[in-house]
Protein chains: 2
Amino acid sequence: MAKIKNLPENTLERLIIYFKVLDLLEKNKIEAISSEELAKRCGINPAQLRKDLSFVGNLGTKGVGYSVKSLKYNLKKFLGITQEWNLILGGITPLAEYLLQNKALSKAGFYFMAAFDRKEANIGKIINGVSVYSLDQLDYVFKAVKVDIGVITEEETPEIYLEAFLKHNLKAILNLSSVPFFVEDDKIQIENFSFEMSLTKLSFFLKHLA
Amino acid sequence: MAKIKNLPENTLERLIIYFKVLDLLEKNKIEAISSEELAKRCGINPAQLRKDLSFVGNLGTKGVGYSVKSLKYNLKKFLGITQEWNLILGGITPLAEYLLQNKALSKAGFYFMAAFDRKEANIGKIINGVSVYSLDQLDYVFKAVKVDIGVITEEETPEIYLEAFLKHNLKAILNLSSVPFFVEDDKIQIENFSFEMSLTKLSFFLKHLA
DNA sequence: AAGTGTGAACTTTTTCACAGCT
DNA sequence: AGCTGTGAAAAAGTTCACACTT
C-alpha cells in the first residue's frame with residue numbers, strides 16, 4: 001500500500017479497529033475512556049494507540065483521557081467515512097448477490113450504483129435496485145454516475161473486470177476473487193481478500209500450534 | 001497474532017499469496033520460475049520473496065530458480081492445507097448461507113460440520129447438508145466431531161458465539177461480524193474481517209489521494 | 001552464467017519513559 | 001495526581017549485495 005501522510009498500513013488498520021470499538025462503546029453509553037482501557041479492548045499496547053492517534057491529531061485531554069464521541073467523530077472524518085462512496089460490482093456471483101442485499105454497507109455509506117456481468121442472461125436484471133450491465137456499457141455508467149470503488153467478485157476471469165475498471169480510471173479496487181492482484185502504480189489501491197486466505201492463516205496457526 | 005517459528009505475520013500473508021499465484025501459474029502450464037519473476041507478479045521485492053521462502057526451507061535450485069509444482073506443494077504443506085479442517089458456523093445470516101453453499105471452501109479443504117443459531121425457527125434446518133443446532137447442543141456436536149475452526153457470522157450478539165466456542169476449547173476463530181474481537185491468550189488465534197473495514201481502507205486512500 | 005540463500009546494512013515500526021498539560 | 005503526546009531507544013522487518021551452487 002502506498003503510504004499516505006507517512007501513515008503505516010498497520011496504523012490505518014488499527015485506526016479502523018479503534019473506530020469500530022468506539023462505536024460499540026458509544027452504543028453501550030460509555031462516554032470517556034483512557035488509552036490504556038481502549039488499547040486493552042483492541043488487544044494492543046497503550047503507547048501504540050496514542051502514537052497511532054497522534055497521526056490524526058491531538059484528540060485527548062492530558063490527565064483525563066478521550067471523549068468517546070469526539071474521538072469516534074475525528075477518526076470517522078480522518079478515515080473518509082463521513083462522506084458517501086459509490087461502488088460498482090464486477091461479476092454476478094452468490095457473493096455479489098449477498099453484497100447487493102447487505103444493508104450494513106449502505107448504512108456505512110457505501111452504495112452500489114451498478115453491477116456488471118459477462119453472462120448474457122444476467123444483463124438487464126435488477127438486483128435489490130441495482131441494474132446489471134454488460135461490460136461494454138461501462139462507458140455509459142461511468143459517464144452517468146461518479147464511481148469511487150470497484151468490487152470484483154467474479155472467479156473465472158476477474159482480471160477482465162480489473163482491466164476494464166482501471167481503464168476507466170478507477171483508483172480503488174476491492175478484489176474478492178481468490179487470486180490476488182497487484183499493480184505498480186501507487187495511485188491505485190487494491191485490497192485483496194478471500195475467505196480461503198483468512199482460513200489458511202488459521203490453518204497455519206493450527207498446524208504449528210503443537 | 002502470536003508468532004510461530006519466528007514467522008512474521010506479513011510473511012505468512014505473503015506465503016499464502018505466493019501459493020495462490022503459483023496455483024495460477026500451474027494452471028497456465030508454467031513449470032519453472034525465478035524469484036524475480038514470481039516477486040514481480042506478487043508486487044514485492046525478490047529478496048523479500050527469497051527471505052520469506054527461507055522460513056519454509058531450501059526450496060529452489062541455485063542458478064536455476066524454482067519448480068512451480070514443488071514450490072507450491074511445499075508451501076501447501078507448510079501452510080497446513082494438505083490436510084482438511086472442520087468448521088462450525090455461529091449465526092444463520094445471509095453471509096452464513098453464502099458460506100455454506102460455497103464450493104471453493106470445501107475444495108480447499110475447509111468443511112462446515114454444523115451451524116448454530118439462536119432463533120428457534122432456524123434450529124433443525126439443514127442448509128446445503130449442514131444441520132443448524134441451538135447453542136446448548138454445542139457439547140453434543142463437539143463430542144460427535146472434531147472441530148478446528150469457528151466462523152462467526154452473527155451481527156447482533158457475536159460475542160455469545162465467541163464465548164461458547166472458546167469454552168469448548170476451540171483455538172481458531174474467523175470473526176466476520178463487524179466488531180473485531182481480541183483475546184489475551186496467544187494459544188488462541190482470531191482473524192477479524194469485515195467488508196466494511198476493507199472498504200474503509202479504500203475510503204481513506206481515496207480521501208487522502210488528492 | 002545465472003539465480004538462490006543469507007549475513008549485514010538499512011529502514012520502519014513498536015515500545016519505553018517522561019515532560020507537560022489539566 | 002493522572003494521563004496524554006512524543007522524542008529516544010529497542011525491536012522487527014526489509015533490502016542489499018555477494019558467496020555459493022548448479
Side-chain angles (χ1 to χ4, degrees), chain A residues 1-18 22 25 30-72 74-75 78 182 184 186 201, chain B residues 1-18 22 25 30-72 74-75 78 182 184 186 201:
Chain A
M1 152 131 187
K3 274 210 268 180
I4 296 153
K5 291 187 159 199
N6 265 357
L7 192 82
E9 169 150 20
N10 285 350
T11 294
L12 172 57
E13 288 182 1
R14 286 191 300 264
L15 289 176
I16 299 174
I17 290 171
Y18 307 151
L22 286 163
L25 290 172
I30 293 166
E31 295 188 354
I33 196 160
S34 67
S35 64
E36 185 165 343
E37 176 62 19
L38 181 55
K40 209 173 86 185
R41 291 184 185 242
C42 299
I44 61 141
N45 178 301
Q48 173 96 265
L49 176 120
R50 295 198 299 274
K51 182 79 88 184
D52 287 342
L53 293 183
S54 75
F55 284 99
V56 184
N58 286 15
L59 308 177
T61 308
K62 295 186 179 186
V64 179
Y66 302 88
S67 144
V68 170
K69 189 177 165 181
S70 116
L71 182 54
K72 183 188 148 187
N74 278 291
L75 285 176
F78 185 75
F182 307 94
E184 307 269 303
D186 72 352
K201 282 172 80 172
Chain B
M1 152 132 188
K3 274 212 267 179
I4 296 154
K5 294 186 156 198
N6 266 354
L7 191 81
E9 169 149 20
N10 285 350
T11 295
L12 172 57
E13 287 182 1
R14 286 191 300 264
L15 289 175
I16 299 174
I17 290 171
Y18 307 151
L22 286 164
L25 290 172
I30 294 167
E31 294 189 352
I33 197 160
S34 67
S35 64
E36 186 165 341
E37 176 62 20
L38 181 55
K40 210 173 85 185
R41 291 184 185 243
C42 299
I44 61 143
N45 178 301
Q48 173 96 265
L49 174 107
R50 295 199 300 274
K51 181 80 88 186
D52 287 342
L53 294 182
S54 76
F55 284 99
V56 183
N58 286 14
L59 307 177
T61 309
K62 295 186 179 185
V64 178
Y66 301 89
S67 145
V68 169
K69 190 178 165 179
S70 117
L71 182 54
K72 183 187 149 187
N74 278 292
L75 285 176
F78 185 75
F182 306 94
E184 306 270 303
D186 71 352
K201 283 172 79 173

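Quick note on labels: first sequence line is chain A, next is B, and so on, each numbered from 1.
At the phosphate of dC3(D), neither OP1 nor OP2 sits under 4.0 Å from any side-chain N or O atom of S34(A). OP1 and OP2 of dA2(C) both lie 4.0 Å or more from every side-chain N or O belonging to Y66(B). Dashed line: the shortest gap from a side-chain N or O of S35(A) to OP1 or OP2 of dT4(D) is under 4.0 Å. The shortest distance between the side-chain N/O atoms of R50(B) and the OP1/OP2 oxygens of dC16(D) is not below 4.0 Å. Contact check, N10(A) against dT14(C): a side-chain N or O comes under 4.0 Å of OP1 or OP2.
The closest side-chain heavy-atom distance from E36(B) to K40(B) is not below 4.5 Å. L59(B) places none of its side-chain heavy atoms less than 4.5 Å from the side chain of F78(B). Residues L15(B) and L53(B) form a side-chain contact, since some pair of their non-hydrogen atoms from C-beta on lies under 4.5 Å apart. Side-chain contact between I44(B) and I17(B): absent, with no pair of heavy atoms (C-beta onward) separated by less than 4.5 Å. Counting heavy atoms from C-beta on, the side chains of E37(B) and Y66(B) never come closer than 4.5 Å.
Per the geometry, CG belonging to N74(B) stands 15 Å off C1' belonging to dT4(C), to the nearest Å. Counting to the nearest Å, the C1' atom of dT22(C) and the CG atom of N58(A) are 14 Å from each other. Here dG3(C) presents its C1' atom at 16 Å from NZ of K51(B), a figure rounded to the nearest Å. Separating the CZ atom of R14(A) from the P atom of dT12(C) is a distance of 16 Å, rounded to the nearest angstrom. As a whole-Å value, the separation of L15(A) CG from dT14(C) P is 11 Å. Atom CD of Q48(A) and atom P of dA12(D) are 13 Å apart (whole Å). When the P atom of dG3(C) is taken as reference, atom NZ of K40(B) falls 13 Å away, rounded to whole Å. In this structure, K62(A) atom NZ and dT22(C) atom P are separated by 8 Å, rounded to whole Å.
Checking D52(B) against I44(A), the closest nucleotide of DNA chain C that is more toward the 5' end is the one next to D52(B). Nearest-nucleotide positions on DNA chain D for N45(B) and E36(A) put E36(A) closer to the 5' end.
Residue-level contact check: L53(B) touches neither bases nor backbone, having no heavy atom under 4.0 Å from any strand.
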